[in-house]
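Numbers here are sequence positions counted from 1.
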Amino acid sequence: MSAIYLHPPGLVCALGQGISQVRRTLWGAAGPAGFLPTERYSPGRSLHLGEVRTALPGLAHVAPEFRIRNNAIALLALAEIRPAVEAAMARFGADRVAIVVGTSTSGLPEGEAAREALERTGLWPQGFSYAQQELGNLAGFLAAELGTTGVAHVISTACSAGAKSLASGARLLHAAIADAVVVGGCDTLGAFTVAGFSALDAVSATRCNPMSVNRCGINLGEGAALFLMTREEGPVRLAGCGESSDAHHMSAPDPSGRGAIRAMQSALQRAGVPAGAVDYVNLHGTATQHNDAMESLAVAEVLGADVPVSSTKPMTGHTLAAAGAIEAAFGWLTLVDNPQGMLPPHWWDGQPDPALAPLRLVAPHERLGRAPRYVLSNSFAFGGSNACVLLGSA
């Protein structure tokens, strides 16, 4: 089976825009960056949220159904890879370039605003289109913006969607349905999303604290990461993907970690890589009681207690359907132009939970002392949807 490569990503999140800026802030010396307390989406309750504060491009040039914040954030990420995508279209044809992206919010914030206007005035606001809220909107927008005519669809499996887009894109290439695929994910903050997670008692009012005995929930965030994926050699290989669905509970993970274990083992087996070859794991690491207990158990079972691991969510927030793509981009950054093996740090209060399986949490400025070879990224979602992505240096 031919190798699949990930070319430089387009990336925007609370840490900034572009791989150069994000690389600097990801390994910044001053501690975790990216968050400012705000009541924007939770009036009367200040929360730490991973907002995109970069100025967004205008969308006046697209159809009304595409004029949503989700697409504006995605357009920022697309700008960085657009020349490479257009070159692929010139080589292969517009019908041979596919789009597979993850999202869960689509135009939900615009729907919130439209409903409020309807209640206040009795009229829908000018320019509102119900199609803005369709989950397939993001793929349709990217296809229209780029002019591709190949397969274009959205994966909406909550927090595993961004990672699953990479697995789905690879299948399109292996099946010769496409010669190049734009993969990744994008999600946007909104009052409905914040209220929903708050109703589950899953949101921390302070910066999240993964793997700590004091952890008390997630911080939400927004952002996007997009890759051009092809069979043509690039700096990072998609070495293996693993997916499982344990369907243990609507919102809680299987405490045994069986689904997560299967997904990680599948990624390693598909790559033909032993567990000991993994140099770093980007944890799902939500800082909820249930996820961290399950994930620490699963990682220790599959990879042991010595592999360096970290959760980057204290820097970005949990970006939901974009998380797997953004964290795969962090894995890409870890593998490229990193001869000393600087690892994404695990920011927390340093107080371990004795009930958790012990893991080697990456300290600030920790290095491997050599270039990394393999990076694993975990993404676990509501409903027991699990996805793991194994990236390898080319």
Show me the donor-acceptor pairs within less than 3.5 Å that the side chains of residues 256-272 make with the rest of the protein, sequence neighbours left out.
residue : atom : partner : partner atom : Å
Ser256  : OG   : Asp254  : OD1          : 2.9
Ser256  : OG   : Asp254  : OD2          : 3.2
Ser256  : OG   : Arg258  : N            : 3.3
Ser256  : OG   : Arg258  : NE           : 3.0
Arg258  : NE   : Asp254  : OD2          : 3.1
Arg258  : NH2  : Asp254  : OD2          : 3.0
Ser266  : OG   : Arg270  : NE           : 3.3
Arg270  : NE   : Cys241  : O            : 3.2

Mind checking what makes side-chain hydrogen bond (donor to acceptor under 3.5 Å, both in side chains) contact with [X], not counting sequence neighbours?
X      : value
Ser311 : none
Gln21  : none
Asn282 : Tyr280, Thr312

Applying side chain to side chain contact (heavy atoms under 4.5 Å, CB included), can you list everything that pairs with Arg231, at least two apart in sequence or on another chain?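 Expected list: Ser2, Ile4, Leu173, Ala176, Asp179.
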Kindly write out the residues that satisfy side chain to side chain contact (heavy atoms under 4.5 Å, CB included) with Pro255, not counting sequence neighbours, or none if the list is empty.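 Result, side chain to side chain contact (heavy atoms under 4.5 Å, CB included) vs Pro255: His248.
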Between Arg373 and Asp279, does any NZ, NE, NH1 or NH2 come within less than 4.0 Å of an OD or OE carboxylate oxygen? yes
Under 4.5 Å between side-chain heavy atoms, hopping through other hydrophobics if needed: is there a path connecting Val151 to Met229? yes
Whichever hydrophobic residues join Leu118 through chains of side-chain contacts under 4.5 Å: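 Members other than Leu118 - counting any ILVMFWY side chain reachable under 4.5 Å - are Trp124, Phe128.
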Residues sharing Leu135's hydrophobic cluster, by side-chain heavy-atom contacts under 4.5 Å among ILVMFWY, directly or via others? none
What pairs of residues pass the salt bridge (Lys or Arg N to Asp or Glu O under 4.0 Å) test when at least one of them lies in residues 39-50, not counting sequence neighbours?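 Listed by first then second residue: Arg40-Glu51.
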Tell me the ring-ring contact (aromatic ring centres under 6.0 Å, His included) pairs involving residues 163-212, sequence neighbours left out? Phe197-Phe382
With sequence neighbours excluded, tell me which residues meet salt bridge (charged side-chain N to carboxylate O under 4.0 Å, His left out) with Asp353.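 For Asp353 the salt bridge (charged side-chain N to carboxylate O under 4.0 Å, His left out) partners, ignoring immediate neighbours, are Arg215.
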Taking only distance into account, with no hydrogens and no angle test, what donor-acceptor pairs under 3.5 Å do side-chain atoms of residues 386-394 form with protein atoms, sequence neighbours excluded?
residue : atom : partner : partner atom : Å
Asn386  : ND2  : Ser244  : OG           : 3.0
Asn386  : ND2  : Asp246  : OD2          : 3.0
Asn386  : ND2  : Gly384  : O            : 3.2

